[in-house]
Amino acid sequence: MRAISQDVLGGPEVLREVELERPAPGPSEVLIQVHAAGLNPTDWKHRANRLFLGEPPYVLGWDVSGVVEAVGLGVTLHKPGDEVFGMLPYPHGAGSHAEYVTGPARAFVPKPSNVDHVQAGAIPLAALTAWQALVDTARLQAGQRVLIHAAAGGVGHLAVQIAKARGAYVIGTASAGKHEFLRGLGADELIDYREVDFATAVSDVDVVLDTIAGDYRSRSLRTLRRGGVLVSILPYGREETAAEADRLGVRAELLIVEADQAGMRAIRELVEAGLLRAEIAGVFPLAEAAKAHALGETGRTTGKLVLAVR
């Protein structure tokens with residue numbers, strides 16, 4: 001099978017198309033013929049740095065939409081020919097930037113019938129991150145105020161839609177050029193972070209979703225009402241944030257996304273109801289993965305980038 005691999009850490013140029021042996025599903029696993037696979041910032045961060053995966057070689061990619069090719073011993077949920085989508089276990093289950101990938105059967109659910117594989121392949125990791133942050137961790141309720149940073153980004157624009165589906169009042173930070181797009185998703189209030197200090201413009205927030213870190217985290221704590229919660233998806237700076245959160249009477253949590261069948265089923269329901277859709281910033285053939293990485297690293301895209309494998 002064709003796959004995108006790397007032998008060393010570095011820039012997009014280290015990515016290369018290789019031929020690898022097609023994997024076989026083990027017990028409780030499925031083999032998926034990948035039709036589309038999303039890209040996420042964690043892909044280019046792992047490509048360039050020694051993070052959770054250690055030293056290459058490896059194949060990146062956690063988002064999957066495709067067709068079940070074969071099932072391993074004990075699998076009852078899926079059959080060959082089923083269209084499915086989901087997220088490979090993060091972080092050590094990477095490998096979807098290839099023609100075939102294996103993963104736990106319960107990491108996948110039926111693909112929504114109202115979207116194609118490109119759309120479905122863009123959704124899992126970013127939507128699960130938003131769902132686990134807002135719903136599982138923050139317990140976001142109707143009528144609550146939520147501040148979403150980088151609201152037009154991969155996680156951010158899906159988080160806006162999930163929050164609106166739960167009846168929340170959504171405040172987003174984004175450059176002015178992306179405000180119209182976010183209003184179309186239902187955002188109630190938007191802040192141009194280049195012109196306005198959100199920490200002075202926003203208050204009495206119940207939930208903050210931090211996708212940026214740095215001083216955004218400490219500044220965001222000051223926007224929360226007492227008892228509110230900040231959920232960060234970037235795994236550093238936790239100790240300093242926790243101390244400040246205690247002083248202010250709020251909660252600060254660090255989330256690393258997990259493969260989650262219940263979450264994927266909830267996301268599928270939102271997609272089928274027309275309440276959740278990924279904005280596709282670009283679609284690239286598998287062989288042009290390096291170009292997709294280079295574009296993603298600019299930080300200027302709106303929504304998600306996708307590799308169309310088939």
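Centroid-to-centroid, the aromatic rings of Tyr193 and His149 stay 6.0 Å apart or farther. Ring centroid separation for the pair His92 and Trp62 does not come in under the 6.0 Å cut-off.
For the pair Arg268 and Trp131, the cation-pi test (distance below 6.0 Å, angle within 45°) is failed.
Between the CG atom in Leu307 and the CD1 atom in Ile4 there is a gap of 7.5 Å [rounded to 0.5 Å]. Interatomic distance, CG of Leu88 versus CG of Leu60, reported as 11.5 Å (0.5 Å rounding).
Closest approach of Asp192 to His179, counting heavy atoms only: N-CE1, 3.6 Å. Looking at every heavy atom in both residues, Val231 comes nearest to Leu255 through CG1-CB, 3.9 Å. Nearest approach of Leu254 to Leu234, heavy atoms of both residues: CD1-O, 3.2 Å. Nearest heavy atoms, Ala37 versus Asp63: CB-O, 3.3 Å. Pairing each heavy atom of Thr301 with each of Ala281, the nearest pair is CB-CB, 4.0 Å. Listed here is the closest heavy atom pair of Val8 and Val14: O-CG2, 3.6 Å.
Taking a 6.0 Å sphere around CZ of Arg106, one finds it holds 12 or fewer heavy atoms contributed by other residues, nucleotides or ligands.
Within the 3.5 Å criterion, the main-chain N or O of Ser220 finds a donor-acceptor partner in the side chain of Thr223.
Ion pairing between a basic and an acidic side chain is recognised when a charged N comes within 4.0 Å of a carboxylate O; Arg219 and Asp197 show such pairing. At a threshold of 4.0 Å, the pair Lys164-Asp188 counts as salt-bridged, since one of the basic side-chain nitrogens sits closer than that to a carboxylate oxygen. Taking 4.0 Å as the cut-off between side-chain N and carboxylate O, Glu180 and Arg183 do not count as a salt-bridged pair. Between Arg225 and Asp206 there is a salt bridge, with a side-chain nitrogen of the basic residue lying less than 4.0 Å from a carboxylate oxygen of the acidic one.
A tilted orientation is assigned to the rings of His46 and Phe52, their planes being inclined by 30° to 60°.
Checking Glu83 against His35 by side-chain atom types alone, no donor-acceptor pair falls below 3.5 Å. Tyr216 and Thr173 form no side-chain donor-acceptor contact under 3.5 Å, judged by distance and modelled atom types alone.
Cluster membership check: Phe198 does not share its hydrophobic cluster with Val155, using side-chain heavy-atom separations under 4.5 Å among Ile, Leu, Val, Met, Phe, Trp and Tyr.
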